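Notes for the one structure printed next.
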Amino acid sequence: MHIMEGYLPVTHAIGWTAASLPFLVWGVKKLKDRLRDDPEARLLIAAGGGFTFVLSALKLPSVTGSCSHPTGIGFGTVLFGPAIMSVVGCVVLLFQALLLAHGGLTTLGANCFSMAIAGGYSAWAIWRLGGAVRLPPGLTIFLAAALSDLVTYCVTSVQLALAFPDPVGGVAASTVKFLGVFAVTQVPLAISEGLLTVLVMNLLRSHAGEIVAGFAPALKGAAR
Amino acid sequence: MLHAIDACAHTNRWRTQGGPMALFCAGLMGCALLAPPLAAAPFVAAAASAAAVLGARVPAALFFRTLLVPAGFLATGALALCVTLDLEHARLGFSGAGAATALATTLRAAAGVTVTLCFACIVPTAQWIALLRRARVPAVVLDLLLLVYRTLFVLDAEFLAIRRAQDNRLGFRTARVAGRNAARAVAVLFLRSLQRAARLERGLAARGYVDRLPVLTPPSTATRHTYAVAALVPALVAVAAVVLGAGQ
């Protein structure tokens, strides 16, 4: 779910871009380090970007100047890590804005913050936490994918609420309003994406375990 | 839409005018965001549409049909802005101030979407990536942009083919089967994307690829005159918007 082109006032657009920049700079540094150590990963990361693009191009309309779709960020974060995935997510958002009229250039910073940064880092935190408390890997993947979707939706709602506070109830009421209208599409979608990610991991594990484990050792035996 | 916009960017009449068009669109976007929306948005949208359809000869049907999807999202989004929520009494109501915000926001966003679509339909990807290179965006990001761009279309076609094949085998007849098949499609797509990446890697390595992917762009036909016109039109739009905005 991305905020449309021109939807945010200019100060908010600049503010969210500034908030995203440190994460992107860190992500570019991690990407450079990864490619220096493993140059062959370049094309795999690019393929991951293309995969995320195609997955997230499945749109559903929503009622807040935005639309909903599976983000693929949870899946990508588990594969490549949150720092690199924030850069890949930003690249995907740029192509979506230009080739699908979905999202926007002026709202790229805000969308990047909600989807690629907040969504990516929350997925990574859940994935690591699940591993630390020895949750079943399938459940951890489900939670990482579903909750990162929900975090993206919550952050987008807050972004919209800060830009458009309710005339009566202010930012708090506006946040509740946007969370409420997004929930109709986003909560079922988050659960669907979580289940879908577990199914995908199971299929990959059973049919292509060696290939996947070759470049993402964290996934070896992950979804059960 | 993906293929249509990209094909249009590579075949329109102004495809070699990347620099002036970037300046033109940046200027119009500045007007859309900074000038009073009620006055500026119609001018911005008209200028961007005229540049795309009349100037660059982007097919009008494609341009306006593509605008319909975001327009639908904007229309539904405007409804949410018109509604106010009283948390104390848990009551929803119509807000005049919210309606004014909705109108201004929708107009600003509609103008912004038109400008972005104008840019996307006129400037080919390789050209705007070359502009980003001039703006000193890190090479590793540009390389990633080019590689992702190369994989997008192949993966999109693969995904459509997989979904069509599943559909032909009645793969979506029940919700349960549909869910399982969606997961299969995504898993197969992921494996295909890895295979494509491996093939692309071999092909590029055979051509001496190390860490930079040179892309030849057609020589630019931009002149000082075209840059001047590209700057003048948004300036005129801004003046008109400010004058009209002051009168409102």
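Quick caveat, the model's predicted, so the values are computed rather than measured. Just so it is clear: chains get the letters A, B, ... in the order the sequence lines come, proteins before strands, and each one is counted from 1.
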Under 3.5 Å donor-acceptor pairs involving side-chain atoms of residues 33-40 of chain B, not counting sequence neighbours:
none

Max heavy-atom pairs within cutoff under 4.5 Å with chain A, candidates B/Pro70, B/Ala97, B/Ala75, goes to B/Pro70

Checked B/Ile5, B/Val148, B/Val83, B/Leu155 vs chain A; the most non-hydrogen pairs under 4.5 Å come from B/Val148

If one checks every heavy atom of A/Leu94 against chain B at 4.5 Å, the contacting part turns out to be side chain

Checklist entry - Under 6.0 Å between the ring centres of A/Phe80 and A/Phe75? => result no

When the 4.5 angstrom heavy-atom criterion is applied to B/Tyr149 and chain A, the contacting part is both

Bottom line for A/Ala97: the part with an atom under 4.5 Å from chain B's heavy atoms is backbone

Margin query: Under 4.0 Å between a side-chain nitrogen and a carboxylate oxygen: does that hold for A/Lys30 and A/Asp33?
Written below: no

Would a 4.5 Å heavy-atom cut-off, applied to side chains only, mark A/Thr152 and A/Ile73 as touching? no

Practice prompt. Kindly assign one of parallel, tilted or perpendicular to the pair A/Phe53 and A/Phe95, based on the angle between their ring planes and the thresholds 30° and 60°.
Written response: perpendicular

Problem - Pair A/His2, A/Gln96: side-chain N/O donor-acceptor within cut-off below 3.5 Å - result: yes

Among B/Trp128, B/Phe153, B/Phe119, the residue with the most heavy-atom pairs under 4.5 Å to chain A is B/Trp128

Open item on the list: Quick check: do A/Val158 and A/Tyr153 have side-chain heavy atoms less than 4.5 Å from each other?
Closed with: no

For B/Phe64, the ring pair (Phe, Tyr, Trp, His ring centres under 6.0 Å) test, sequence neighbours excluded, returns none

Turns out that what part of A/Leu35 lies under 4.5 Å from chain B's heavy atoms comes down to side chain

Bottom line for B/Thr106: the part with an atom under 4.5 Å from chain A's heavy atoms is neither

Under 4.5 Å to a heavy atom of chain A? For B/Thr101 that would be side chain

Worksheet item: Side-chain donor-acceptor pair under 3.5 Å between A/Thr106 and A/Glu5, yes or no?
Response: yes

Ranked by heavy-atom pairs below 4.5 Å to chain A, first place among B/Val140, B/Val115, B/Thr66, B/Val154 goes to B/Val140

Decide yes or no for A/Leu108 and A/Thr17: does some side-chain heavy atom of the first lie under 4.5 Å from some side-chain heavy atom of the second? no

Assert top hit (heavy-atom pairs under 4.5 Å, partner chain B, pool A/Val88, A/Leu98, A/Val176) equals A/Leu98

From the list B/Leu147, B/Leu85, B/Thr151, the residue making the most non-hydrogen contacts under 4.5 Å with chain A is B/Leu85

Greatest number of non-hydrogen atom pairs under 4.5 angstrom with chain B, of A/Pro167, A/Ala172, A/Gly49, falls to A/Pro167

Per-residue tally against chain A (heavy atom, under 4.5 Å) across B/Arg150, B/Met29, B/Arg192 peaks at B/Met29

Turns out that what part of B/Pro138 lies under 4.5 Å from chain A's heavy atoms comes down to side chain

